Protein chains: 2
Amino acid sequence: MKRTITIKDVAKELSCSISTVSRAFNDKYDINPETRRKILERAREMGYTPNPLARRLPQHQTFLIGVVVPEFINAFFPRVIAGIQEIMLKAGYQVLIMSSNEDERNELEIVKKLEAYQVDGLIISFTYRSRDMSYFQSLIDRNFPIVQFNRVSSKLNTPKVIFDDYQWAACAVEHLIEQGNSRIYHFAGPGNMWVTQNRKRGFVDAMHKHGLPCGPETIFEAGIFSEDGAETARRLIQTGNIPQAIFCFNDPLAIGAMQEFKEHGYEIPRDVAFVGFTESSIARYVTPGLTSVEQPTQELGEKVARLLLELIRTHHPLLNQTLVLNGKLNIRRSSLRK
Amino acid sequence: MKRTITIKDVAKELSCSISTVSRAFNDKYDINPETRRKILERAREMGYTPNPLARRLPQHQTFLIGVVVPEFINAFFPRVIAGIQEIMLKAGYQVLIMSSNEDERNELEIVKKLEAYQVDGLIISFTYRSRDMSYFQSLIDRNFPIVQFNRVSSKLNTPKVIFDDYQWAACAVEHLIEQGNSRIYHFAGPGNMWVTQNRKRGFVDAMHKHGLPCGPETIFEAGIFSEDGAETARRLIQTGNIPQAIFCFNDPLAIGAMQEFKEHGYEIPRDVAFVGFTESSIARYVTPGLTSVEQPTQELGEKVARLLLELIRTHHPLLNQTLVLNGKLNIRRSSLRK
DNA sequence: CCCCGATTCGGAAACGTTTCCGTAAAATAA
DNA sequence: TTATTTTACGGAAACGTTTCCGAATCGGGG
């Protein structure tokens with residue numbers, strides 16, 4: 001690698017001081033517009049760009065923000081990240097994306113790395129197992145800007161952006177009820193996840209509201225992957241305990257379960273109807289098409305990004321709100337009893 | 001944000017010089033193991049971590065590498081990135097992930113940003129429209145370490161890691177031929193992509209080898225998204241020009257086309273058989289399951305990362321090879337005429 | 001006891017910027 | 001004209017490290 005060309009070279013070339021060159025690039029008042037123009041022009045010719053590393057050192061700002069997600073195999077998080085990038089790039093920030101791979105230890109390490117890299121703020125969606133929040137609490141105590149989304153922890157007092165899981169779970173279940181189903185089961189997500197609780201509450205309350213049974217024997221902690229859905233379906237089939245409809249925590253769960261039922265000769269939606277919760281784009285491509293709650297992923301990302309920017313700027317405690325986003329129910333064949 | 005604790009604080013606390021503290025952290029020989037131990041211990045107690053920004057300034061190494069991918073909506077690139085991270089993190093590098101969103105202008109801007117951030121190297125997979133390689137050539141001329149993968153440009157003399165598209169396309173087509181199909185069409189990808197050419201050649205050569213017709217009227221430049229597949233299928237259906245089997249450039253194309261055929265009353269694989277090329281994980285969840293070529297995504301990422309590390313270390317021109325990876329054909333119902 | 005090499009450490013320059021402070025020149029006011 | 005403010009710029013410190021160079025200490029061989 002050749003020696004890169006620095007501010008000194010430009011200063012020497014134009015026989016002026018480095019402070020002047022710096023001022024030209026930072027667009028400060030203390031400079032003649034004419035000289036500024038000249039410097040910028042000549043610098044461009046010389047191929048000079050300020051070294052952001054050195055630049056950030058005295059500035060105590062890195063214009064870097066860290067994003068930690070539990071995975072990006074499913075389409076959900078990548079799309080949120082796309083929304084985040086959209087906003088952040090415009091605001092002059094770079095986004096450091098890291099995946100904890102659903103591993104709490106990884107997660108902590110990554111956050112420490114990001115902290116050591118002096119990121120100006122952090123956007124995080126937790127592992128479904130994350131329990132120990134003490135380190136994050138200490139970060140917050142040190143006034144470090146953090147915004148949570150999707151997989152949030154209620155213990156942490158930061159801005160949060162979540163989807164209204166409760167309402168839309170209820171909506172999905174009511175759709176199943178409207179279709180004439182009364183024996184409805186719920187395949188739930190991992191127990192300690194916030195979203196799991198909310199979707200489960202939505203299920204329970206919707207059932208109660210219509211006077212339908214929904215004891216613990218109708219709720220199964222299935223998990224998060226399609227294999228989990230298949231596994232839980234298999235158990236159901238073995239015991240012969242088949243409901244009319246199943247509301248699933250997410251799409252992979254639903255798709256795994258549907259696959260399993262189909263392989264055992266059940267027809268969907270005739271024998272068992274399904275509703276999922278979209279964290280992927282495959283719902284429309286399975287057969288039959290999977291009715292599913294759609295979340296505004298891109299918008300979610302943008303909201304999160306804007307909140308963090310605001311938090312970095314003002315550190316205003318009033319930002320520690322919980323923003324609840326709306327979605328919609330995409331009705332497809334898997335839930336329709338025509 | 002409170003003032004962060006620096007090397008000076010540690011030095012003062014232990015009443016030694018900052019150079020000694022620095023040496024302790026950099027594990028250099030010029031230090032008594034005993035003092036080193038003490039310093040490290042006390043520094044940990046004080047909660048000191050070296051500021052990587054400042055650290056990298058005199059070092060002329062950032063331990064940052066940039067990864068530019070055209071998208072990460074499909075599962076393919078995220079998985080490759082997972083492989084890259086795996087290796088890079090172990091080697092002490094951070095990975096800056098950026099998506100060009102299939103936009104050539106974006107791509108160029110991102111690369112310049114990454115360059116300005118002094119990344120130690122670049123891993124890139126090009127936009128399907130990327131044509132102007134002059135800037136990348138200039139980077140290479142300046143001895144900047146670049147590794148290409150998947151969507152590579154043959155104009156650029158760098159290490160490349162690609163999948164053996166030619167061979168596996170041929171393999172996929174031969175599978176269709178073995179199943180008794182003779183009128184086979186190809187839904188190709190965007191024209192200027194390297195991989196498009198290779199998969200197309202695989203198709204053509206396999207057809208020729210078995211004495212089957214494969215003129216230009218059997219090859220359709222469909223695109224890259226499921227909508228493109230649906231669109232192309234629609235055109236075929238309108239003209240009534242239906243082949244026995246279709247070999248698709250990728251899975252989304254195949255899935256979109258299958259959907260379209262199904263909606264028009266065709267049965268798959270009875271009326272039309274399908275084979276795709278996996279850049280996603282949905283092949284097994286559509287109905288019927290989509291026969292598809294599987295690429296070793298994780299391994300690809302790891303190989304790419306190792307090559308870049310080697311390139312950074314040695315700048316050895318011998319590394320400018322093209323690594324060709326192997327895959328496998330996952331046979332599912334969409335192509336089986338039992 | 002002296003000299004020399006090895007070991008361990010401190011001082012200071014360097015990395016490429018930004019920014020504070022001061023000053024000369026220019027512009028304005030008296 | 002002189003006094004005062006404004007404008008434009010240069011010098012230098014600072015940011016938090018690494019690293020070069022030199023010095024002090026120590027041990028051992030002569």
Side-chain angles (χ1 to χ4, degrees), chain A residues 1-40 42-43 46-64 92 94 113 115-120, chain B residues 1-40 42-43 46-64 92 94 113 115-120:
Chain A
M1 294 268 288
K2 291 220 193 81
R3 200 184 72 81
T4 58
I5 162 169
T6 79
I7 198 171
K8 281 182 199 163
D9 302 317
V10 181
K12 196 180 293 172
E13 174 79 13
L14 284 138
S15 50
C16 67
S17 76
I18 55 171
S19 7
T20 308
V21 180
S22 172
R23 271 187 279 259
F25 271 89
N26 290 285
D27 201 3
K28 287 288 167 63
Y29 48 92
D30 242 16
I31 191 172
N32 188 322
E34 179 59 17
T35 40
R36 172 164 143 59
R37 203 190 50 70
K38 263 191 222 155
I39 291 175
L40 252 38
R42 191 78 192 89
M46 299 174 64
Y48 165 76
T49 36
N51 178 342
L53 246 72
R55 183 172 228 173
R56 276 147 22 188
L57 191 46
Q59 254 180 188
H60 274 288
Q61 269 205 45
T62 58
F63 290 101
L64 232 48
Q94 293 295 329
K113 268 259 169 81
E115 191 200 353
Y117 269 83
Q118 314 259 94
V119 292
D120 291 339
Chain B
M1 292 269 286
K2 292 222 194 80
R3 203 183 71 79
T4 58
I5 164 171
T6 78
I7 197 172
K8 282 181 198 163
D9 303 318
V10 181
K12 196 181 294 173
E13 174 78 15
L14 285 139
S15 50
C16 68
S17 76
I18 54 171
S19 9
T20 308
V21 179
S22 172
R23 270 187 280 259
F25 271 88
N26 290 284
D27 202 5
K28 289 288 168 60
Y29 50 93
D30 243 15
I31 192 173
N32 189 322
E34 178 60 16
T35 39
R36 176 171 183 311
R37 202 190 51 70
K38 264 191 219 151
I39 291 176
L40 254 37
R42 191 78 192 89
M46 299 174 65
Y48 165 76
T49 36
N51 178 343
L53 245 72
R55 184 172 228 175
R56 276 142 27 181
L57 193 47
Q59 256 181 183
H60 275 289
Q61 269 206 45
T62 58
F63 289 102
L64 230 49
Q94 293 295 327
K113 268 257 169 81
E115 191 199 352
Y117 269 83
Q118 314 257 96
V119 292
D120 291 340

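Given the structure is predicted, the values throughout are model-derived calculations rather than measurements.
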Pairwise 5' ranking along DNA chain C for B:H60 and B:P33, keeping only the more 5' one: B:P33
Gap between atoms CD1 and P, on A:I7 and D:dA14 respectively (whole Å): 19 Å
Spacing between A:K8 atom NZ and C:dT17 atom P, to the nearest angstrom: 9 Å
Nucleotide nearest A:R55 when distance is taken to its side chain, options C:dT18, D:dG16, C:dG16: C:dT18
Residue B:N32, side-chain heavy atoms: nucleotide from D:dT17, C:dT17, C:dC9 that is nearest: C:dC9
Pairs: protein N or O with nucleotides 19-28 of chain D N or O, under 3.5 Å:
| residue | atom | partner | partner atom | Å |
| --- | --- | --- | --- | --- |
| D:dT19 | OP2 | B:K28 | NZ | 2.9 |

Bend angle of the helix from C:dC1-D:dG30 to C:dA30-D:dT1, from helix axes over five pairs at each end, nearest 10°: 50°
Gap between atoms CG and C1', on A:L53 and C:dT18 respectively (whole Å): 14 Å
Value in whole Å for how far the C1' atom of D:dT17 lies from CD1 of B:I5: 15 Å
Value in whole Å for how far the C1' atom of D:dG16 lies from CZ of A:R56: 14 Å
Distance in Å, A:D9 CG paired with A:I18 CD1, rounded so as to fall on 0.5 Å steps: 11.0 Å
Rounded distance in Å - CD1 (A:I31) to P (D:dG10): 9 Å
Touch class at under 4.0 angstrom, heavy-atom based, for A:Y48 against every strand present: sugar-phosphate
Pairwise side-chain contact, A:L64 with A:Q118, heavy-atom cut-off 4.5 Å (strictly under): no
B:S19 side chain to B:S22 side chain, donor-acceptor N/O pair below 3.5 angstrom: no
Nucleotide D:dG16, atom P - distance to CE of B:M46 in whole Å: 14 Å
Side chain proximity check, A:K38 to A:E34, heavy atoms < 4.5 angstrom: yes
Donor-acceptor pair, side chain of B:T35 and main chain of B:N32, under 3.5 angstrom: yes
Side-chain heavy-atom pair A:R42, A:E13 within 4.5 angstrom cut-off: yes
Donor-acceptor pair, side chain of A:D120 and main chain of A:T62, under 3.5 angstrom: yes
Separation of atom CZ in A:R36 from atom P in D:dT7, rounded to whole Å: 17 Å
Heavy-atom side-chain proximity of A:R36 to A:F25 below 4.5 angstrom: no
Side chains of B:N26 and B:R55, donor plus acceptor under 3.5 Å: yes
